[in-house]
Amino acid sequence: MAGSALDRFCGSRFWDANLTWHTDDPDFTRCFERTVLVWVPCIYLWIFSSLEVFYILNSKKRNVPWNFLNISKLLFSCVLIILSISDFSVSINRTTKEVEVFNVDIYTPLIRILTFSLAVSLVYYNRRNGLVTSGLLFQFWLLCAIFGAPQFRTEIREAQIATPEPYYDYISYIIYYPIVLLMLFLNCFADKPPTISKYRNSDSPCPELRSSFLSKLVYTWFDPLAWKGYRNPLETKDLWDMNPEDSAFEVVPVYDKHWQNTVKKCQGAQTTQQANATYKSDPVGVDFVENTPKKKQASILPALVKTFGPMFLFGAFLKLVQDILTFVSPQVLRALISFVENKEEQWKGFLYAGLLFVTAGIQTLILSQYFQRMFIVGMRIRTALISTIYRKALRMSSIAKRESTVGEIVNLMSVDAQKFIELTAYLNMIWSAPLQIILALYFLWDILGPSVLAGLAVMIIMIPINGYIANKVKVLQIKQMKNKDERVKLMNEVLSGIKVLKLYAWEPSFETQVLKIRGKEMKILKKAAYLNAGTSFIWSCAPFLVALVSFATYVLIDEANTLDATKAFVSLSLFNILRFPLSMLPMMISNMVQAWVSVKRINKFMNCDELDPDNVQHDSSESSPLVISNGNFHWGDGAILKNINIRLPKNTITAVVGQVGSGKSSLISAFLGEMVKSSGRVNTVGSVAYVSQQAWIQNATLQDNILFGKPLNKKLYNQVVESCALKPDFEMLPGGDQTEIGEKGINLSGGQKQRVSLARAVYADTDVYFLDDPLSAVDSHVGKHIFDKVIGPHGMLRYKTRVLVTHGITYLPQTDKIIVIKDGEVSETGTYQELLDKKGSFSDFLMQHITEASEDDDEELNELQTQLSNTQGAEDLVRKLQTQISRTRTYSESGSDKVNGSLQHQNSVEKGLRKRSSTTELEQQKKPEAQKLIEAEKAETGSVKWEVYKHYLKSIGVFLTCSTLLLNLVFQGFSIGSNVWLTVWSGDENIVVNGVTDTARRDMYLGVYGALGIGQALSMFLSSLALYIGTLNGALLMHNFILNNVIRAPCTSFYDITPVGRILNRFSKDVDTLDIVLPMTLRGWITCFFSVLGTLVVISYTTPIFVAVIVPIAILYYFIQRFYVATSRQLKRLESVSRSPIYSHFGETVTGAQVIRAFNEKNRFISESESKVDFNQVCYYPSIIANRWLAVRLEMVGNLIILFAALFAVLSDNQNSGNVGLSVSYALQITQTLNWLVRMTSDVETNIVAVERIKEYGEVEQEAPWEIPNKQPRDSWPDSGMVEFKNYAVRYRKGLDLVLKNVDFTVRGGEKVGIVGRTGAGKSSLTLALFRYFTSVL
């Protein structure tokens, strides 16, 4: 009916099967060429133009300059419009001349006019809105070119026979079609970059932004980087900047908005009410147990879905298209086998071969775009989560922080957030796998009928087994993550306190504790290995069992049912399709379980208590800058500060004094809003600076530590340095104020750190200063200098409001007010004289201080005596003081130290653990240059050395390595054998003779086929088990190797110059790679390698001529994978190196969170963290593209194998249909397998970098052995307590000067020896030498 209507529409036949199909020279009818082949591209453009309009409206760029390309596009599009108008006019004109004109002559030109006008509009608005390329227009012109080719061929062929009639139509189309081809050619290129953009201009923009749709489709824009990576190892300077849409600046605000909405919904009416929570002590994780009715936890999932859902859904649509295309190939294979069996026209064979190639090619391009989008979604999720976790860590209350260690939160960033990248790429398998299974079963039903239900029953039986295994894996996963948290937490503590460990010789004890936890991990991982091997067994059995049961049921239920080549190999290709979703579904469920564990861990952290912003108010109408009214505060346990009422006037200095533990520092914390406020009111007016009791120093230069994000004001800076007595230090340090300070200020003394911390506060030039005992770590005369020049009534801060917690009682007379804290309460308040007159708590405090004074405080006592002698009412204190002074002995180093020469005063070994490098007098006279203490983490270049593989394989063991390879070879033998056996079975004509089935022969084929399948399953189980056990043994040995050697690395040459985050990265991320990632990757690589080998063997066996194609394809394959591996490997290294600073910066931030909050620098630190994450993504994004670049090229190589396998099958004479089915069904698998092989090769090489990194730190320089066999002391040692130094010399590390030279002395038993000398002379170094902190160089 429709055909007859179209016949009338055209005035000729619309479809003629004899002309198009049942012929040796196929062609379309004129009507079909002028309707369907014209309308389809036009309809396509109109349908998807709404998507193009969406991109245009949402473009962040504007104004692509007019240039040759876009002018040419508009010009030729207008030519096509004019040509179509001409066609329309000619048709109208013919109607007036009573020439027969059909509807097609009117409507087709009209449709073209409207469609080309739409194309012109899109070109114009794309240019105006900054889009340099249009995928829709490229696809439109491509469809026009493909669908227009048959008519162009018809016009040419007819013109060769006779003069076309009407001649105008011929000329019109001969002009039209080349212009269409020209338009397609023009749309292969991108326009010039837009001149206006919402984003700042980049020095090194990503080439993707300026590439054409075709270039994006096949990733040719990545070629320059691939070439560069192949010729030379890539460096960070070779990488492009991040796409603005992927940066934290764009991603985080959107996610944060949705997260805050989620939090508000969960809090409901209790938004402003903070829940009271108690925290369960749990060594293996963060557990929060609320004693109030359990409030609903906010989940990160709704915010993730709302933020990243749209892009994910578009990717899901691409996956759907690809899934549907997957089932085209088996139908084409069915037609190809039919072509061979029925000896059809040869052009049909070429058509089928071409269809197989084109279908596979389209699948390749769609799948690559899908994976790229999914990885970008994963990358953006990781950016959002890391930033959110970082922000949360800056807002955590002191109570929550007590239970969440740095190591645990780093795990949230490094492991849990990373899981989303791995998950997003395969998350769609949750619906895609069932869809593929349903479609496969549908097509199998068409071939095998109800017999396929038997196969379906097998799959249903597998579901509860899979559920049981998944549940077991979930339990193990939770235990494993807890153990890992515990181990990383302990390692963080060990590495942070390594100096103390070494001084007490506690290394073996802590090493044993770490190994004990590691032992627990290995037990769980081994259980998981057995489960994984069982999973491999089940899911290698599953597709084969489904095939076996289906074939067996089919031939057994009816003797008339015989297995021919079509049924066998089309079914086999469908079973092969079935294999992927069946194997992916359990893996996907396992990944989902792991991701769900990660989501719960992140949710738990994100819902922990935060500091209440209402703890401190900032009412500017308040006359006094600092006020606490009726304040009661606690840290989560019991009340610490009670009934606090304080009002401090502007521009005054107030001292806070009291016994140790009385609550002085807590008072400052209350002002800063760090404590939990039970009741009362706290108000601060103006900007705040804070000097903590334990100085917090960043891993940056001294100057950067002082500036703390502020611009450099040279005059103020020099004044601050001078006032804080830092100038002599700068002169002696090797790089002056550009000397880099290590983590936690390791190369500064306690006094230097405190003065840098004070300088930071002074330079900040704020209104209010909280100074928590800043002078405790400095010499008394340096303290006096700082008080006079900075803190005191004539110092730099004289016009500021200062709160000074101090034990230095000599400074108290110069303060405006003194607050005495006793047992968490303000016991007295007043001036120095007022408090002495009261003879209350303050007098008691002074009396106790005098009583406890040591001989080192002699200078301070003399000064105090002078002060009290001139003070009325202090006679009792003066008498007590004179008695104390007479008892003390005046041994003091301070006499020889002057303010302008003193750098530090060390009272203990601990203060001297980290010493600056000594410099020669000549070097001190030179202008100091910046000296880096912490070297940038080095990334290895070039191929991973064979020593690394050798080291890893040696750790696994020779027997298990060989067993794994041999068993995989056996597995592949069984697999090929079963398919070859199927060929023989399907081609055996003696099974059915004269309509009678030889059941014995049939059962023999069936039995052997089943036996070969059992062989596959058993060999796969054993090979998986051997691999997992071997890799776990390797992981255990390598962890023990790095642990043993890192703990015994010297502090001076390793820990001083290596950030803790960098070492911790080896023990968390890299060990996790050894435990989980590398075994899976190795298994995938071995399976793919033998699978490719098997495929090539089968195709070569069935079509020997194929051997001629293997060599050029192998060469092409080799070069593609070498290009990729060289680039990908280096990108992985750069990404690994760029990851460590994220965690180091985070650890540093958590430690100094109180200081950061006090200075109101949260936003700057968040920005710094996000910039480090962005830089890490700059290294990660090219590796995503490298994967896609490889996939497109490799899958095209695989598609060529499909093409040649099909072509040779078509061209071969007397080809057996069973062999054709076997050859092409194997070829259809190779596209995916080749892709996976190179990806696995790359993944093995990129993940083996973890072994390389662990090996690097496992081979660091070691301390001298604890016991030297040939220098063992006698059994009777020690005979006497004598210490003897002979010609002793030592340096902190290579390249530095000697700190002790030619030291000779003897200390006999019972002697008390004093070591004296100027600051930096080597007193503490000599003490450390007694602990073998470093080894003598002579």
Side-chain angles (χ1 to χ4, degrees), residues 624-634 639-671 675 678-684 693 768-776 787 791-793 801-853 860-861 863-865 867-881 884:
S624 300
L626 296 175
V627 176
I628 297 181
S629 303
N630 302 317
N632 289 280
F633 306 90
H634 64 89
I640 302 296
L641 296 177
K642 295 158 283 186
N643 306 320
I644 306 296
N645 286 281
I646 294 173
R647 180 176 292 272
L648 303 181
K650 195 174 182 181
N651 301 342
T652 58
I653 176 168
T654 304
V656 180
V657 297
Q659 301 301 327
V660 174
S662 58
K664 304 184 295 299
S665 297
S666 294
L667 180 64
I668 287 184
S669 294
F671 270 120
M675 293 189 78
S678 305
S679 61
R681 173 175 172 266
V682 182
N683 194 82
T684 65
Q693 195 168 15
V768 177
Y769 283 82
F770 294 107
L771 310 171
D772 193 356
D773 210 4
L775 306 178
S776 59
F787 188 85
I791 304 169
T801 306
R802 290 141 288 161
V803 178
L804 172 68
V805 172
T806 184
H807 288 97
I809 55 179
T810 55
Y811 308 128
L812 299 180
Q814 300 182 61
T815 61
D816 298 309
K817 190 177 188 179
I818 299 171
I819 297 172
V820 183
I821 304 286
K822 187 175 183 181
D823 298 328
E825 296 187 69
V826 176
S827 62
E828 286 185 328
T829 306
T831 63
Y832 186 73
Q833 183 62 56
E834 287 170 355
L835 294 179
L836 282 177
D837 292 343
K838 287 182 183 179
K839 295 186 179 179
S841 297
F842 181 65
S843 296
D844 295 341
F845 168 73
L846 286 181
M847 192 70 76
Q848 184 171 353
H849 185 83
I850 293 167
T851 306
E852 292 174 355
E860 184 182 9
L861 293 176
E863 187 174 344
L864 183 60
Q865 184 182 16
Q867 290 173 355
L868 292 175
S869 299
N870 300 321
T871 305
Q872 293 181 354
E875 294 81 5
D876 291 343
L877 287 171
V878 171
R879 282 196 298 275
K880 182 75 175 174
L881 186 59
Q884 182 65 19

How many angstroms lie between [atom1] in [X] and [atom2] in [Y], if you round to the nearest 0.5 Å?
{"X": "Glu834", "Y": "Phe842", "atom1": "CD", "atom2": "CZ", "answer": "11.5 Å"}
{"X": "Ser624", "Y": "Asn683", "atom1": "OG", "atom2": "CG", "answer": "9.5 Å"}
{"X": "Leu641", "Y": "His634", "atom1": "CG", "atom2": "NE2", "answer": "11.0 Å"}

Taking every non-hydrogen atom, the tightest pair across [X] and [Y]:
{"X": "Thr810", "Y": "Pro813", "value": "O-CD, 3.4 Å"}
{"X": "Pro649", "Y": "Thr801", "value": "O-CG2, 3.7 Å"}
{"X": "Glu825", "Y": "Lys642", "value": "CG-O, 3.6 Å"}

Exercise. Would you say the side-chain atoms of Thr815 pair up with the backbone N or O of Ile818, donor to acceptor, closer than 3.5 Å?
Worked result: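 Judged by distance alone, no pair lies under 3.5 Å.
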Exercise. Can you tell me if Asn645 uses its side chain to pair, donor with acceptor, with the backbone of Asn630 under 3.5 Å?
Worked result: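 Confirmed, Asn645 side chain pairs with Asn630 backbone.
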Residue pair [X] / [Y], side-chain heavy-atom distance below 4.5 Å:
{"X": "Val656", "Y": "Ile668", "value": "no"}
{"X": "Val627", "Y": "Val682", "value": "no"}
{"X": "Met675", "Y": "Ile640", "value": "yes"}
{"X": "Leu626", "Y": "Ile646", "value": "no"}
{"X": "Asn632", "Y": "Asn643", "value": "yes"}
{"X": "Ile791", "Y": "Leu804", "value": "yes"}
{"X": "Val660", "Y": "His807", "value": "yes"}

With sequence neighbours excluded, what pairs up with [X] under the side-chain hydrogen bond (donor to acceptor under 3.5 Å, both in side chains) test?
{"X": "Gln693", "answer": "Ser665"}
{"X": "Ser827", "answer": "Ser841"}
{"X": "Thr806", "answer": "none"}

For this session: Please lay out, stage by stage, how Thr654 and Asp816 fare under the test side chain to side chain contact (heavy atoms under 4.5 Å, CB included).
Result: CA-CA 6 Å; Thr654 304; Asp816 298 309; 5.7 Å; no
For this session: Check the pair Leu648 / Lys817 against side chain to side chain contact (heavy atoms under 4.5 Å, CB included), numbers first and verdict last.
Result: CA-CA 9 Å; Leu648 303 181; Lys817 190 177 188 179; 4.1 Å; yes
For this session: Check the pair Val805, Leu667 against side chain to side chain contact (heavy atoms under 4.5 Å, CB included), reporting the backbone distance first and the verdict last.
Result: CA-CA 9 Å; Val805 172; Leu667 180 64; over 6 Å; no
For this session: Kindly assign one of parallel, tilted or perpendicular to the pair Phe787 and Tyr811, based on the angle between their ring planes and the thresholds 30° and 60°.
Result: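 The arrangement is parallel - the two ring planes meet at less than 30°.
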Exercise. What salt bridge (charged side-chain N to carboxylate O under 4.0 Å, His left out) pairs are there with at least one residue in residues 646-666, not counting sequence neighbours?
Worked result: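 Residue pairs passing salt bridge (charged side-chain N to carboxylate O under 4.0 Å, His left out), neighbours aside: Glu622-Arg647.
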For this session: Taking ring pair (Phe, Tyr, Trp, His ring centres under 6.0 Å) as the test, write out the residues that go with Phe633, two or more places apart.
Result: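 With sequence neighbours excluded, Phe633 shows a ring pair (Phe, Tyr, Trp, His ring centres under 6.0 Å) to no residue whatsoever.
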For this session: Please identify each residue that fulfils ring pair (Phe, Tyr, Trp, His ring centres under 6.0 Å) with Tyr769, with sequence neighbours left out.
Result: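 With neighbours one apart ignored, the set is empty.
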For this session: For Ser662 and Lys822, run side chain to side chain contact (heavy atoms under 4.5 Å, CB included): C-alpha distance rounded to whole Å, both residues' side-chain angles, the deciding distance at 0.1 Å, then the answer.
Result: CA-CA 5 Å; Ser662 58; Lys822 187 175 183 181; 5.7 Å; no
Exercise. What do you reckon, is CG of Asp823 surrounded by more than 12 foreign heavy atoms closer than 6.0 Å?
Worked result: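 At most 12 heavy atoms, drawn from other residues, nucleotides or ligands, come within 6.0 Å of this atom.
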